[in-house]
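Fair warning: this is a prediction, and the values are worked out from it, not measured in the lab.
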Amino acid sequence: QVQLVESGGGLVQPGGSLRLSCTASSATLDYYNIAWFRQTPGKEREGVSCLRYSDGQIYYADSVKGRFTISRDNAKNTLYLQMNSLKPDDTAVYYCAAKRDFLGGNRWYLRYEYDYWGQGTQVTVSS
């Protein structure tokens, strides 16, 4: 059982930056596929980025490529999402997720692939 806790959300102006953190307890993230999703009211939860443990492959949604960076610190058992050049469309609740078994590269953005979820952190991009 993995417990995930996100932090780092908040209010930021368009063009600004935020770094989200997701800290795991009860298990090490070394052998988990880990990802960030986001969701706005009335919409499906959307895959933002994933780091696959088997080969270190990183995936991004087209909407965030070049602006967001996913990374991990194994010593701290923490996943990060550095978000730059933020836009109002990035406003959402952001969730981290983890999956223990193999993850196909064409399935990283599917929410039902993941077994463990954090409670979410709100990101609001507004002037």
Pair up each side-chain donor or acceptor in residues 14-24 with any protein partner under 3.5 Å, not counting sequence neighbours, and list the distances.
unit_1, atom_1, unit_2, atom_2, d
Ser17, OG, Asn84, OD1, 2.9
Thr23, OG1, Thr78, OG1, 3.3

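Applying the side-chain hydrogen bond (donor to acceptor under 3.5 Å, both in side chains) rule to Asn106 yields no partners; only residues at least two apart in sequence or on another chain are considered.
The two residues Gly120 and Glu6 have their closest heavy-atom pair at N-OE1, 2.9 Å. The shortest heavy-atom contact between Asp55 and Gln57 is OD1-N, 3.0 Å.
Within the structure, disulfide (SG to SG under 2.5 Å) contacts touching residues 97-127 (residues at least two apart or in different chains) do not occur. Sorted by first and then second residue, the ring-ring contact (aromatic ring centres under 6.0 Å, His included) pairs involving residues 26-58 (not counting sequence neighbours) are Phe37-Tyr114, Phe37-Trp117. Applying the ring-ring contact (aromatic ring centres under 6.0 Å, His included) definition to pairs two or more places apart or across chains, none involves residues 73-103. Sorted by first and then second residue, the pairs that involve residues 95-104 and meet salt bridge (charged side-chain N to carboxylate O under 4.0 Å, His left out), not counting sequence neighbours, are Lys99-Glu113.
Linking ILVMFWY residues whenever their side-chain heavy atoms come closer than 4.5 Å, directly or via other members, places Leu86 and Tyr60 in the same cluster. Under the 4.5 Å side-chain heavy-atom criterion for ILVMFWY residues, no single connected hydrophobic cluster contains both Leu29 and Val5. Both Met83 and Ile58 are assigned to one and the same hydrophobic cluster, defined by single-linkage of ILVMFWY side chains at heavy-atom distances under 4.5 Å. Tyr109 and Tyr116 end up in different hydrophobic clusters when Ile, Leu, Val, Met, Phe, Trp and Tyr side chains are linked at under 4.5 Å. Note: the hydrophobic cluster containing Tyr59 also contains Leu103 (ILVMFWY, side chain heavy atoms under 4.5 Å, direct or indirect links).
Looking at Leu4 and Val2, their side chains come closer than 4.5 Å, going by heavy atoms from C-beta outward.
At distances below 3.5 Å, not a single donor-acceptor pair connects side-chain atoms of Ser127 with backbone N or O atoms of Gln13. Side chain of Thr124 to main chain of Leu11: no donor-acceptor pair is present (N/O by atom type, distance under 3.5 Å, no hydrogens or angles). A donor-acceptor pair under 3.5 Å is absent between the side-chain atoms of Gln39 and the main chain of Glu44, judged by distance alone. Under a 3.5 Å cut-off, the side chain of Arg38 and the backbone N or O of Val93 do not form any donor-acceptor pair. Of the possible polar contacts, none joining the Asn74 side chain to the Asn77 backbone as a donor-acceptor pair under 3.5 Å is found.
Note: Gln1 CD to Asp115 CG = 9.5 Å, rounded to the nearest 0.5 Å. Put simply, OG1 on Thr40 and CD on Glu46 are 8.0 Å apart, with the number rounded to the nearest 0.5 Å. Expressed to the nearest 0.5 Å, how far CG of Leu51 lies from OG of Ser71 amounts to 8.5 Å. With rounding to the nearest 0.5 Å, the separation of CD1 in Ile34 from SG in Cys50 is 8.0 Å. Here SG of Cys96 is found 10.5 Å from CG of Leu81. Values are rounded to the nearest 0.5 Å.
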side-chain contact (heavy atoms from CB on, under 4.5 Å) between Val125 and Val123: does it pass, once the steps are laid out? CA-CA 7 Å; Val125 185; Val123 172; 4.2 Å; yes
Report the C-alpha distance between Lys87 and Asp90 in whole Å, list the side-chain angles of each, state the deciding distance to 0.1 Å, and finish with yes or no for salt bridge (charged side-chain N to carboxylate O under 4.0 Å, His left out). CA-CA 5 Å; Lys87 306 174 182 179; Asp90 295 318; over 6 Å; no
Trace of the side-chain contact (heavy atoms from CB on, under 4.5 Å) decision for Leu79 with Ile70: CA-CA 7 Å; Leu79 173 71; Ile70 191 171; 3.6 Å; yes
